[in-house]
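Taking it in order: structure first as structure tokens, then the write-up.
Chain naming here is simple, since letters A, B, ... match the order of the sequence lines and numbering starts at 1 in each.
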Amino acid sequence: MSRAFHKLFPHPVLTLILTVVWTLLQNEISAGMVVFGIILGVIIPWATSAWWPDRPRGFHLGKMLSYTLIVMWDIIVANIQVAWIVLTVPNSKLRPAWVVVPLDLRQPEAISILAGTITLTPGTVSADLSDAGHSLLVHALHTDDPDAVRDEIKQRYEARLKEIFV
Amino acid sequence: MTVDLILTFAIAALLIVGAIFTLVGAIGLIKLPDGMTRLHAPTKVGTIGVGAMLLASMINSYVYGEGSMHELLIMAFLFVTAPISANFMAKVHIHRRACDQPPAPPRDDTWSTLDTPEEDKEHVETTA
Amino acid sequence: MSHWIIAPVLLPALLAPFIVLAARYHIGIQRVLSVAGILALITVATGLAWQASDGTVILYQLGDWAAPFGIVIVGDRLSTMMVLLTAVLALFVLLYAIGSRWDERGRHFHALFQFQIMGICGAFLTGDLFNLFVFFEVLLIASYGLMIHAGGNARLRAGVQYVLFNLLGSTLFLFALGAIYAETGTLNMADLANRAELTSADATVGIRIAAVLLLLVFAIKAAVVPLHFWLPSSYAEAPAPVAALFAIMTKVGAYAIIRVYTMIFPPDLEATSGLFGLWLLPAALVSLAIGMIGVLAAKKLDRLVAFAVIGSMGMVMVSISLFTPEGIAAALYYIIHSTFAAAALFLISDLVRSGRPNLHLTSMAPVAGASLTAGLFFVAAIAMTGLPPLSGFIGKLLILDAGFASPLAVWVWATILISSLISVVGFARAGSIVFWKAQSIERAEDNPLPDPPSALSYAAVGGLIALLVAYTAFAGQAHGYMTAMSKQLFAPEPYISTVVDTPGKLSKPKEGN
Amino acid sequence: MEFLIASAIGILTAAGIYLVLRLRSFPVILGVSLLTYAVNIFLFTSGRITIGASPILQKDVTTYSDPLPQALVLTAIVISFGMTAVVVMIALGSYLGSNDDHVDDPKVEPSETEDAT
Amino acid sequence: MSLFLVVALPFLGALLPGLMNSAGRQACAGVTFTVTLAAFIGLLTNLPAVMAGELVTARADWIPTLGLNFTLMLDGLGFFFALLILGIGLLIIAYARSYLAREDNMGEFFTYLLLFQGAMVGIVMSDNILLLLIFWELTSLSSFLLIGYWKHLPAGRQGARMALTVTGMGGLAMVGGMLILGNIVGSYDLSVILQSRELIQDSPLYLPALILILLGCFTKSAQFPFHFWLPHAMAAPTPVSAYLHSATMVKAGIFLMARMWPVLSGTTEWFVIVTTAGLITMVLGAIIALFKHDLKALLAFSTVSHLGLITMLLGTGTPFGAMAAVFHILNHATFKAALFMSAGIIDHEAHTRDIRQLGGLRTLMPVTFVIATLAALSMAGIPLLNGFLSKEMMLEEANHTVLFNTPWLVPTLAVVGSLFSAAYCFRLIGHVFFGPVRDDYPAKPHDPPKGLWLPPAVLVVLVVAIGVAPFLAEPFVKLVTKSLLGTAAEVPKAYFKIWHGLVPALYMSIAAVVGGAIVLAMFKPLLRMWDATPRPEAKVIFEGLIEAIVKLGQSIIHTVHNGAFSRYAAIMVVTVIAAGYHAWTTGAVGEATRTLQPAGPVAIAGWLMLVAATLGMAFLHRNRLLSLVLIGIVGLMVSIGFVFVSAPDLAMTQITVEVVTIILMLLALNFLPNRTPVESTVLRRMRDVVVAVTGGLATFALAYHYMLREAVTTPISEFHLANSYKGGGGTNVVNVILVDFRGFDTYGEIIVLGIAALLIYALTETLLSSSVRAKLLNRKPDQPRAGNQHPMMMVVLTRVMMPVVMMVGFYIFLRGHNEPGGGFIAGLIVSIGVVMQYMASGFSWASARLRYPYHGVIGAGVLVAGLTGIGSWFVGKPFLTSDFTYVRIPPFQEFELATAAAFDLGVFLAVVGAVMLSLESFSRLARRDKTVENEHAFDIDPSRDDPPEPEPIGQKGEV
Amino acid sequence: MTLAEDLMGYALIVAFIITAISQIMAMVRLVIGPDTGDRILALDTMVVNAIGLVVLLGMAQGTRIYFEVSLIIAMLGFVSTVAYARFVLRGDIIE
Ligand code: NA
Ligand code: NA
């Protein structure tokens, strides 16, 4: 039963995403469209499942949603900050820095979300992964204290992600 | 009626805000001193600028038309892809030594971009 | 509803993907399908030519849309004859490709071959200018594939130039089409003929430029000097059967010029008068001269033949440029002749090549079958240089006769006769080196005698030569038909009214005009 | 507006021609691409310029831009895409075989023909 | 026997010797002889009619529209020549049977000989001047083959080509002349032309026609200044020389002059040209002949001289001259053929033809001696032999001929010519047969077998018979003369007699013979003088001329076609601009009828960027990656521009195509050099700039011109807009045009794409099976490479994105008919989705997991599109006729089912297949030897390399 | 309402102009470089801004049919950015 389910829905979350995308594309919510979206949401992941072999095992959808809200808020704040830096801080006063973030996360999906979050939020861009995947290289636009940046990242985002990906 | 009025003001505001963010992104692109710092401005500020315009457009569609949430999809695309684009461009800077040498990672040997496989180490300049 | 008129396009267009789908690893099946397809095409084309021979204009409205709104396919004497010519040529070329095993030396030969045929047939049959562009592109891209078939440095380099030159040509074609549509608002040739007459006398620039650009596009295809530069290297470097098939490609340009400048922009159209009278005939004469001087100057046999093609296109264009019924009839006669003659010569040069490391005009020890090859070369060269008794001579007489009325008659005659002599010297020189002088050379001990070309190869070449002989013997009937064809071209009203007045889906006759 | 478009066509053409006259296959191909842009825009303008009137049928709308040139340009774009892919491949094949990406033939005299005696 | 058969027999018979080659030499010669004999008899059956003065004709239509028909006629003149051709032909065949060596290919020889014979008979029997031309040129061709028969000998090849070139030239000139003649008269039929003397001679085109025709005659008959080819044709086997170069081919020119005599002669032009050429040829040929050591060369130049004589006679334009000409043709044919055969016998037996190595053969070869001596004396003009009779007539005629108002000129030159003629004849007899017997002959000479001496003997009998009893020949010669003169003049009353009394001609004749003897007596000092005299060697000049022409041709051709594409392209651009400019300046520009539309700041900004990127491409193109980035900008701006001018479909297509193109270009740039070096000079670049700017201005002007004016009438797209929904079932008119109104274009377009992919695949295969493969496998990268081939984050993103992209593709596909989109764009989007996967995880990983046979996808796409089109046949509609209906299946809303959608599906499949097959092919080229197939989708995977530990470390905050 | 609409109209024009200026600035960065990374970044910025332009155009013309164009630019702009970057990093963009 479970195996059959997995065969049919290799990536339930993906199916959900696709159904939502379909509905957004159609720009109307009708029973027919949703059904059609679900059908596509099943067929497409199934047809391309060979290219996503090791799907993440556990995933807390609810916590993911709250994480998303936090990040969205941070994005808005971050952008104002960066805009301010760009407009006001002269280049001579700018103090860019490399920040190395040691990673506790192991799942590729989780690390990717973390890296993405870092890029979208205050003054930081995730630049590279170490050769065995234990650290993330982050570039900060303007900071006096790289360690603080690192701790912020680990507390605010990585910790939450560890709860989402069990 | 008033809701529409407020929303219209909101549209105008979002347009201006979006445009300003876009401009700041472009200013950053011109002004900032090196490749890595320049990366910050457009990938974030610029993206949010376009995001604001998209939002304006979405509201606009509800005020003046049948309404649609298409713009959400575009925004999602932008926000999902921007980090990867930024990541690649950062890798380009690191690879081309167009930025300060990053510090070594604590547990591993080096950063993946600098970890050129053995068979790729030598190269020849093709004479055109 | 008879669908036969679209068969020359659809048959190869369906056969080719089928070969790709079902038989891409089985050369034997590919060959059988390919030959069967061409035989069927010959049958259909013969039937169509028969149907059109009494002056019938066969109209086919694609998608059931009436012209000028949809695309139409039109079969008249000229187009059906060109299709038949293509099909017959294709058969012999295909047999040679199989007999010489050229088709095995790269992938997808047969599919590309069929697509090439499709493109050529489509170009001859379509009644729509933009659709003509599409078919030009089909035949061109297939020709790129065939031209570089089997690879090799020289061939690829020539291929790059060939493709690039034609890309420029295609760009020009689009400019011309844009101009046509901007000026007239239509793309259908028959409709265009009606609308070209609407041009007011005080605003002729638009239609003039459109007409001249279109002419240049076709002149590129017809290899008129100085737009011929794409030809020598690509024809010389192309695999022989491909070059032989290409013998029809230059004729597509000639065909298009005949079609467009008798129907749409006829010589008596006020708006486009004096557009090319000044330079087209001289350019054709220079083409003829350049081609034949090239025959004399060539250092390789395949290049010699390529220049002969330029020269023969010069002959065709000289005759077309007269824009008289006699001139067009003579050109049409010459087109068929030069197609077969050029194809035969390309194939013969490949027969020569099969016993030699290259085709440089140097003497090498004779190989098995050399005397047969020499004989075929002699006959084909007679045909190409326009010596009696073969069709080349008759074609030459026809063109000279037609040229008598031209104000440039002296130039026409002098160029044709002198270049004819030059080509005789050139061919005699080349044949003497390759075949005669070779007799005085001993084969080196350590140089084993290569296998002679297969009987099928010889049969294919022999078939082409036999066609030339038959074309000579029945020259009277042929030229009579060409004269009728030319008459039909110079009186295009039935063609135009058939195309424009036949109703289609949602349209009544004359609606929208 | 018309002036901008016409001059854009002209400038694309000029740059395209200039690049087509270069000596290496890569710039030449790019030049052809520029010419393709130019001609596509030209072909488009053969339906004249209309702003804000897409050829998508809508109720109560009577003005549309000319759809036919758009369809033609679409076909042209697709065809030139195929052509570009092909020429890139052939140029690449030519380069790989000879380590030379000149478009022009190398200036080596082909072996002389012998005297026809 | 029908004239057709007489002409056709040699041609049909020509097949036999070649086919019977294996049956043996005797069979070959036998069949050739039989065929010729049959034709000969066939000819003779027409003798009574000809004698009766009838015109025997035969007619069959060939190309009536041109006026070229198989029209044959036989009159006295034609009969005379045909008799010579076939009669001497019989003797030559018999002679050649013995003459040819064992290793010579007999079948080939006789095939050519019969072809030649047929062509000659054709010439003399043609009643259509175009038909005559055909036979005329055929003699050139067959003689080319005969002269070059011994292919291994350079002299044979050279002589053959020289003969072909010179006579070919004349032939082509004659083509011109004959066509002019035909156009003057309005018919190509000789019998009509011969009735049109006044019409022709009054025509302004008379002189060109005359000159062109005479060019043909003079070259063929080796008249000065075209005499030089004939001696070199002597490289042919002697039977050929005897046949072609004495009796037949060289007489073709004479024949034609005789044939056209009634209509062309009698004018000053004719008289001056023909007589002068004949005189000069006669004298010059005779002088040269005297000093030739090669027997055949001597005979060849003597032939030149005698042909000059005949030409001169025809040139006088008097009936007596014509009759003398006819008589001399007959006589010359008999003695000259006999002499050639004798020379062949000597060559055959003594193994040399060099007079200096001969002498004293009188006793060794008595039979040959008698034959040759009689023939040579006849040629010298000794009484009681036929040559004397016609030479007397010639001198008589010369006496009455006043050229350039100088009465003594012609007679004097005639005597000089006869004098040298006598001298070389005496030399031939004296130096070959008389004198002491030598012991240093290359071979021991003796009389040949019957087969060799009998044929010349027959001829010598004729020589003597006519010489002794001229009245035997008189009726025949007069018959021939009558038909030559036609209605133009009466046959002269003169009688053929040995003794005419003490007339001036007799003194001239005596002077010539005596003078000839004296000249021969002084031969040694004269020879020294001759050898010391510098004189042009015709062969050297000719070869030099041909080589110079070839060199000139090569320099023209190779300079013009120097393989420089850049130049070709420049020429093309300039040509197009020039032609366009010409069209522009010769037309009327007309008023602008449309109002301009305003341009906002955005348009200007977009324009600025487009222009900047475009100019950037031109200036920065050497950095190839940068130029690719810039062309990306161009594409982006053009797409935005399309949005701006209401073309969303175009914008989408442009941007998707752009991306795929850039991916392709990047894949290629991986192999190509990353920079373009500076190679062209500043001057060249300036030239290119000028060409480019001119082209730009031209297109600008053109575009601007059209945009400001309306079309001449309503564009056809009105119909499309009006009927798109009603008839095509779609509201996106562009899409309906693509899949319905003009679906056939789209059908062609996907075929183009399919072919492109097949081509790319085929070339990849070819490259990978050639030497390029090894090069590719050991290729070193051309730039420093980073680590981390398959970055993790990209792979993760792709896994989510790709399905979404596919869904978007599907969406775009479905809505295309009514909104912007469609199969093509959808196909590209889906392809790009898959390419994303390839880029992220690598080609080998991705394709190992999911391998589509892209060939099949292309094939299926093209087939689906085609079969959809064919589907409409079953309802009796043309190819690609669309239909649509609205369907409702709960829970879905009502939706449209259109055949156009199936067609669009074909488009979709073809696009996906084509793009993927192309990309796959490019990627396969990039596989290197050291490339390790990646086992995993991405290189760094902490979850795989380092599974999560049970106790997480450094954990802070909320869990 | 008219005030608000006017305001929105002005805002639209301002947004157009500012976005256009941003595009030109990005173009400047693209041309001056100095490194390939900067150029790719400039291109990426221009692509994103182009989406903004298309959205603004749609608003200005009161049509929604340009939505797919923006969507496709968003999707494909990313792919081309990655392709350029991969080329600089590895030379081979599909390996
Ligand atoms: Na950040
Ligand atoms: Na490279």
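- The distance from the OG1 atom of A:Thr119 to the CD1 atom of B:Ile84 is 8.0 Å, given to the nearest 0.5 Å.
- Distance alone, capped at 3.5 Å, places no donor-acceptor pair between the A:Asp128 side chain and the B:Trp111 backbone.
- B:His70 NE2 to A:Leu24 CG: the interatomic distance, rounded to the nearest 0.5 Å, is 7.5 Å.
- In this structure, NZ in B:Lys44 is found 10.5 Å from CD1 in A:Ile75, a value given to the nearest 0.5 Å.
- Note: A:Asn91 leads A:Asn91, A:Leu136, A:Leu87 in heavy-atom pairs under 4.5 Å with chain B.
- The choice from B:Ile48, B:Asp115, B:Leu72, B:Val80 that makes the most heavy-atom pairs within less than 4.5 Å of chain A is B:Ile48.
- Between A:His142 and B:His40, a ring centre-to-centre spacing not shorter than 6.0 Å is recorded.
- Heavy atoms closer than 4.5 Å to chain A are found in both the backbone and the side chain of B:Phe79.
- Within the 4.5 angstrom heavy-atom criterion, atoms from both the backbone and the side chain of B:Leu32 approach chain A.
- Between A:Leu94 and B:Pro33, the closest heavy-atom pair is CD2-CD, 3.8 Å.
- For chain B, the nearby parts of A:Ile80 are the backbone and the side chain; heavy atoms of each come within less than 4.5 Å.
- Contact check for B:Pro106 versus A:Ser135: side-chain heavy atoms found under the 4.5 Å cut-off.
- Between A:Asp131 and B:Thr110, the side chains place no donor N or O within less than 3.5 Å of an acceptor N or O (distance only, hydrogens not considered).
- Here the closest non-hydrogen pair linking A:Val125 and B:Ala86 is CG1-CB, 4.1 Å.
- Interface remark: B:Asp109 contributes backbone and side-chain atoms alike to the contact with chain A (heavy atom separation under 4.5 Å).
- Shortest non-hydrogen contact noted between A:Ala127 and B:Ile94 is CB-CD1, 4.1 Å.
- Residue A:Ala140 touches chain B through its backbone alone, counting heavy-atom pairs closer than 4.5 Å.
- We find the CG-CG distance between A:Leu141 and B:Leu39 to be 10.0 Å, quoted to the nearest 0.5 Å.
- Crowding of A:Met64 atom CE: a count of heavy atoms from other residues, nucleotides or ligands under 6.0 Å exceeding 12.
- Residue B:Asp108 comes nearest to A:Gly133 through the heavy atom pair OD2-N, 3.4 Å, listed as atom of the first residue, atom of the second, then distance.
- Atom-to-atom distance recorded for B:Arg107:CZ and A:Ser130:OG is 8.5 Å, nearest 0.5 angstrom.
- Summarising the geometry of B:Pro83 relative to A:Leu120, their closest heavy-atom pair is CG-CG, 4.0 Å, with the distance given to 0.1 Å.
- Summarising the geometry, atom OG1 belonging to B:Thr47 is positioned 8.0 Å from atom CG belonging to A:Asn79; distances are rounded to the nearest 0.5 Å.
- At a 4.5 Å heavy-atom cutoff, A:Val20 makes no contact with chain B through either its backbone or its side chain.
- Of all the heavy atoms in A:Trp98 and B:Pro103, the pair that sits closest is CB-CD, 3.4 Å.
- Annotation: maximal heavy-atom pairing with chain B below 4.5 Å, among A:Leu129, A:Val82, A:Val21, A:Ile85, occurs at A:Leu129.
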